[in-house]
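Data first, discussion second: the structure below is written as structure tokens.
Just so you know, residue 1 is the first one in the sequence shown, and it goes up from there.
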Amino acid sequence: MSQPTATFQLRPFALGDADAVAPWLTGPGLSLPLGSAAWPERILRDQRILALVGCAGDERLGLLRLDCGPDGVADVTIVVSPEHRRTGFGRRMFYQALRRAEDVGMHSLVAYVDLCNSPALSFFESVGFEGRGVSGDRLRMERVVHVAGGAAA
């Protein structure tokens, strides 16, 4: 597998992305409940949700979702397409998510990671998340968006 040569960017999620993204969200170790077929419309309609697609040219590489709560905590989901995992795109998406979360006034991020998803657990630990308890088969992981002085931790 070769790395895409076009510049990486995040763009707003669109309805046309749903068919490509849905399989990434329900793969092994993810078990994200999409609910009905109307999930793309719900994401677009909910003003608390910032959904972005990571792209290089026309190629979709991943999905980033920040569900921003009124308490300043954003639930983050980062999913990279299977053919682009372990290439650095997830990390690039995360650091852009961190900046976006700070821009909209979030003070912390939370991720719920399946305990059987070792790569995701390692990833979130590597970008500063810490485990805060287990609920069912998921670990709640948290990370501060920024620290005193404004530097991202």
>> Run the side-chain contact (heavy atoms from CB on, under 4.5 Å) test on Phe8 and Gln96 for me, step by step, so that the C-alpha distance in whole Å, both residues' side-chain angles and the decisive distance to 0.1 Å come before the verdict.
In response: CA-CA 11 Å; Phe8 175 79; Gln96 288 191 30; 3.6 Å; yes

> Is it true that a side-chain atom of Asp46 and a backbone atom of Arg48 form a donor plus acceptor pair closer than 3.5 Å?
Replying inline: yes

> What's the spacing between Leu66 CG and Ile78 CD1 if we round to 0.5 Å?
Replying inline: 8.0 Å

> Do Arg85 and Val79 touch side chain to side chain, with heavy atoms closer than 4.5 Å?
Replying inline: yes

> So if you build clusters from Ile, Leu, Val, Met, Phe, Trp, Tyr with side-chain heavy-atom gaps below 4.5 Å, do Val127 and Val80 land together?
Replying inline: no

> Do the non-hydrogen side-chain atoms of Val110 and Val76 ever get within less than 4.5 Å of each other?
Replying inline: no

> Do His84 and Glu59 have a side chain donor and acceptor closer than 3.5 Å?
Replying inline: yes

> In Å, rounded to the nearest 0.5 Å, how long is the span from CG of Leu10 to SG of Cys55?
Replying inline: 8.0 Å

> Parallel, tilted or perpendicular for Phe13 and Trp39, by the 30°/60° rule?
Replying inline: tilted

>> Give me the atom names and distance for the closest heavy-atom approach of Pro82 to Trp24.
In response: CD-CD1, 3.5 Å

> Taking side chain as C-beta onward, heavy atoms only, is His107 less than 4.5 Å from Val73?
Replying inline: yes

>> Taking the basic N atoms (NZ, or NE/NH1/NH2) and the acidic carboxylate oxygens, is any pair closer than 4.0 Å for Asp19 and Arg60?
In response: no

> What are the two closest non-hydrogen atoms of Leu64 and Ala97, and how far apart are they?
Replying inline: CD1-CB, 3.4 Å

>> Restricting to non-hydrogen atoms, name the atom on Val113 and the atom on Ala120 that form the minimum distance, rounded to 0.1 Å.
In response: CG1-CB, 3.7 Å

>> Rounded at 0.5 Å granularity, tell me how far CG in Leu121 sits from CG in Leu115.
In response: 6.5 Å

>> Testing the basics here: between Ala18 and Pro40, what is the closest heavy-atom pair and its distance to 0.1 Å?
In response: CB-CG, 3.4 Å

> Is the side chain of Asp17 donor-acceptor paired with the backbone N or O of Ala14 at a distance under 3.5 Å, no angle test?
Replying inline: yes

>> Would you say that Leu63 contacts Thr77 through its side chain, given a criterion of any heavy-atom pair below 4.5 Å between the two side chains?
In response: no

>> I'd like to check Phe123 versus Arg86 (side-chain heavy atoms, cut-off strictly below 4.5 Å). Are they in contact?
In response: no

> Would you call Phe94 and Phe89 a side-chain contact if the rule is heavy atoms closer than 4.5 Å?
Replying inline: no

>> If I take atom CZ from residue Arg65 and atom CD1 from residue Ile49, how far apart are they, to the nearest 0.5 angstrom?
In response: 6.0 Å

> Can Ser126 and Arg91 be said to form a side-chain contact (heavy atoms from CB on, under 4.5 Å), step by step?
Replying inline: CA-CA 9 Å; Ser126 77; Arg91 190 168 302 276; 2.8 Å; yes

>> For a quick check under 3.5 Å, do Tyr112 and Arg140 share a side-chain donor-acceptor pair by atom type?
In response: yes

> What are the two closest heavy atoms between Cys68 and Val104, and how far apart are they?
Replying inline: SG-CG2, 4.0 Å

>> Rounded to the nearest 0.5 Å, what separates atom CE in Met93 from atom CG in Leu61?
In response: 8.0 Å

> In Å, rounded to the nearest 0.5 Å, how long is the span from CG of Asp103 to CG of Leu50?
Replying inline: 10.0 Å

> Would Glu142 and Leu109 count as a side-chain contact (heavy atoms from CB on, under 4.5 Å) if you check the C-alpha gap in whole Å, the side-chain angles of each, and the deciding distance to 0.1 Å?
Replying inline: CA-CA 6 Å; Glu142 295 179 14; Leu109 299 175; over 6 Å; no

> Between Glu102 and Arg100, is there a salt bridge with N-O shorter than 4.0 Å?
Replying inline: no

